[in-house]
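Taking it in order: structure first as structure tokens, then the write-up.
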Amino acid sequence: MKRPELDRPALLEARGITRLYGPNQGCQDIEFTLHQGEVLGIVGESGSGKSTLLRTLSGLEKPDHGQVIYHSQEGSSAGQAGELDLYAISEARRRALLRMEWGLVHQNPRDGLRLGVSAGANVGERLMALGQRHYGNLRAAGQDWMARVELDPRRIDDAPRTFSGGMQQRLQIARTLVTQPRLVFMDEPTGGLDVSVQARLLDMLRTLTRELGLSVILVTHDLAVARLLSHRLLVMRQGRVVESGLTDQILDDPQHPYTQLLVSSVLTP
Amino acid sequence: MTAMIKPFLSAEALSKSFTLHSQGGQHLVVMHDLNLQLAPGECLVLAGRSGIGKSTLLKMVNGNYRVSAGRLTLHFDSEDGSDHADGSDYADGSDHADGSDSGELELSTLPAHAWHVLRRDVIGYVSQFLRVVPRVSTREVVMEPLLSRGAGEVEARQRAEAMLARLNLPERLWDLAPGTFSGGEQQRVNIARGFIAEHPLLLLDEPTASLDAANRDVVVELILEAKARGTAMLGIFHDEDVRDRVADRLLHLEATVLETSCLETTNTGLENTGLETTGLESTGLKTTSPTTEETE
């Protein structure tokens, strides 16, 4: 047997990222590469800086130091072909990136949805931003994606405020994935949901990431969620990455005292 | 199995220790200086009492455990294909073009992201227990390794169903998530999932532990078929009948490990003759078993 090609192309790189609001508040010296098709989990307690890191990576918050490098599909004028320095490009360009190639799933679906307009319009909005105008196509895409996230397509004209929390979260995911983003950021996507609803969402996310070949950066404090969804983990504490590696390696053979504490503190029913 | 055949997997001076920070930084050596070679088409069975590090070794090969010291190496064909004339080539037609000219792949230093493809295409692991994902049906659990390689839905489904039928899992269970199944049923789902993808290296951690005789026979058949395909297998079987039917060689871990894990005790004349070592064994068990059992 020939040796398989193990290295997948890099998609996003964090190069020495620091964003501090105060001593140990925020994230410091973060360095990693996300490869295509990888689901990277960022775990740690609240206050460990993981949400700050996610905001910085996803273009929402400029780091004090360091660079976020995105390997875009399109050619880039600056630097190597397709390499974009996220905070060196214009605000408009950054927004376009978020709209066209990236997706962001908020913990609270109300932050990612427009509750007053119909479910179908919520799903269609990102497509319209990409230039699609044909009403029939937008509606068909809306129904298709509602079905894919296990929402009743007949509710396409209902406003999300009439949906349950779990349904809203699934709608937010449909809205995010409808444009087939290459990279999706998720902030505690199953937080605040009942366990049974959470299981359904996790299963759906697993299937969708595999089918669409998505690359994902997922922030969660829940190690069980991390185990189910992520290939690789970064463990954060007080703003720094204390350990990183394969998900089951981190969970089965943690090296750092803090990771050992974290793993041994999980209750297994 | 002749020594002439180039190994597919080799371990050199392989060691594993755990440092338990929550317990005062206690340092546990569970494996020291292990050497082995495993050829394509060979089934090497690990033997030794529980807690000796058999599962630990499988987990190191699968990347679940880090290698503390030593080398763990996969030997692929070199780019020029000059060596390795033993017919172990896998005609899977996949694109393995790679810049390097060496076929050797060192696992102990492999970056995390490289394991994804390795586990998908090269290393398969059948553990004792199924890690159940809520809501995912048995059929899908078994299809998943094929789907992750890009196999078509129809083909994956047919092969999964054939495998489940072969392992005598009733058809009415295929649509259900295996969470509520009996131990033996879950284990058969796990075996189906492990064997379906025909990885060239299979790690088997007591795959027959809770099976009845008929299903044990099916697993033995699966192992023998894999062997005939050129699959290299490293296994743990407590069932002596199964072991005798599948093993080409036995590797006793006793000597390797006891030597070191009992360094503190007087370890002169440590022979594997039952009574003499009983006292030492129980000492060894105390130090090693918390690590290997509880980190599951």
Side-chain angles (χ1 to χ4, degrees), chain A residues 1-11 32-40 150 195-204 206-207 209-211 213 224 227-234 243-265 268, chain B residues 8 16 18-22 25 40 56 59-60 62-66 74-79 81 84 88-90 92 94-100 102-105 110-122 131 133-136 140 144 147-148 150 177 200-201 230 294-296:
Chain A
M1 175 185 196
K2 289 272 191 290
R3 179 175 156 177
E5 173 61 64
L6 300 175
D7 288 320
R8 294 187 206 161
L11 189 65
F32 70 85
T33 301
L34 175 78
H35 300 262
Q36 274 178 30
E38 261 191 323
V39 180
L40 177 72
E150 302 173 15
V195 178
S196 58
V197 180
Q198 198 180 355
R200 183 176 196 185
L201 195 71
L202 284 172
D203 167 34
M204 211 189 69
R206 263 166 53 94
T207 307
T209 46
R210 187 190 65 222
E211 285 177 359
R227 161 97 75 176
L228 271 182
L229 291 180
S230 352
H231 301 125
R232 215 151 50 91
L233 290 183
L234 302 180
E243 188 166 353
S244 68
L246 273 179
T247 296
D248 44 23
Q249 195 177 71
I250 298 277
L251 298 178
D252 295 347
D253 186 15
Q255 306 287 310
H256 191 276
Y258 176 70
T259 318
Q260 291 191 355
L261 181 70
L262 206 63
V263 170
S264 64
S265 306
T268 30
Chain B
F8 185 52
K16 178 62 190 169
F18 294 92
T19 305
L20 306 180
H21 293 285
S22 62
T56 298
K59 286 178 180 175
M60 287 162 90
N62 193 47
N64 290 42
Y65 284 177
R66 286 173 212 237
L74 284 178
H75 304 267
F76 294 104
D77 298 341
S78 301
E79 280 302 286
H84 220 293
S88 70
D89 283 333
Y90 287 82
D92 59 358
S94 54
D95 180 15
H96 293 150
D98 186 23
S100 68
S102 162
E104 293 212 340
L105 184 70
L110 201 64
H113 71 265
W115 281 95
H116 311 330
V117 174
L118 208 58
R119 287 177 174 179
R120 190 191 66 192
D121 293 346
V122 181
R131 188 175 291 284
V133 180
R135 263 182 29 110
V136 179
E140 285 171 279
E144 202 171 32
L147 294 175
S148 71
L201 174 60
E294 288 180 12
T295 44
E296 293 285 334

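In what follows, every chain begins at residue 1, and chains take the letters A, B, ... in the order their sequences are listed. Because the structure is a prediction, the values reported are computed rather than measured.
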Keeping A:Lys2 on the side-chain end and B:Phe76 on the backbone end, is there a donor-acceptor pair under 3.5 Å? no
Highest number of heavy-atom pairs under 4.5 Å with chain A among B:His21, B:Arg120, B:Glu144, B:Arg119 belongs to B:His21
Give, as side chain, backbone, both or neither, the part of B:Leu74 having an atom under 4.5 angstrom from any heavy atom of chain A. neither
Check each atom of A:Ser244 against the heavy atoms of chain B and say whether the ones under 4.5 Å are side chain, backbone, both or neither. backbone
Give, for atom OG1 of A:Thr259 and atom CG of A:Leu233, the distance between the pair rounded to the nearest 0.5 Å. 9.5 Å
Please look at A:His231 and chain B and tell me whether the side chain, the backbone, both or neither of the residue comes under 4.5 angstrom of a heavy atom of that chain. both
Side chain of A:Gln36, backbone of A:Leu11: donor and acceptor closer than 3.5 Å? no
Could you measure the distance from the CZ atom of A:Arg232 to the CH2 atom of B:Trp115? Nearest 0.5 Å is fine. 14.5 Å
Taking all heavy atoms of A:Asp253 and all of A:Glu243, pick out the closest pair and write down the distance. O-OE2, 4.3 Å
Option in A:Thr247, A:Asp203, A:Ile250, A:Thr33 with maximal non-hydrogen atom pairs under 4.5 Å from chain B: A:Asp203
Strictly below 4.0 Å, N to O, side chains only: are B:Glu140 and A:Arg210 in salt-bridge contact? no
Please flag which part of A:Leu246 lies under 4.5 Å from any non-hydrogen atom of chain B: side chain, backbone, both or neither. both
Check whether A:Gln255 gets within reach of chain B through its side chain, its backbone, both or neither, counting any heavy atom under 4.5 Å. both
Using side-chain heavy atoms (C-beta onward) and a distance below 4.5 Å, is A:Leu234 in contact with A:Leu40? yes
Using a 4.5 angstrom heavy-atom cutoff, name the option from A:Arg206, A:His256, A:Glu38, A:Arg200 with the most pairs to chain B. A:Arg200
Any idea which of B:Val117, B:Val122, B:Leu110, B:Asn64 has the most non-hydrogen atom pairs under 4.5 angstrom with chain A? B:Asn64
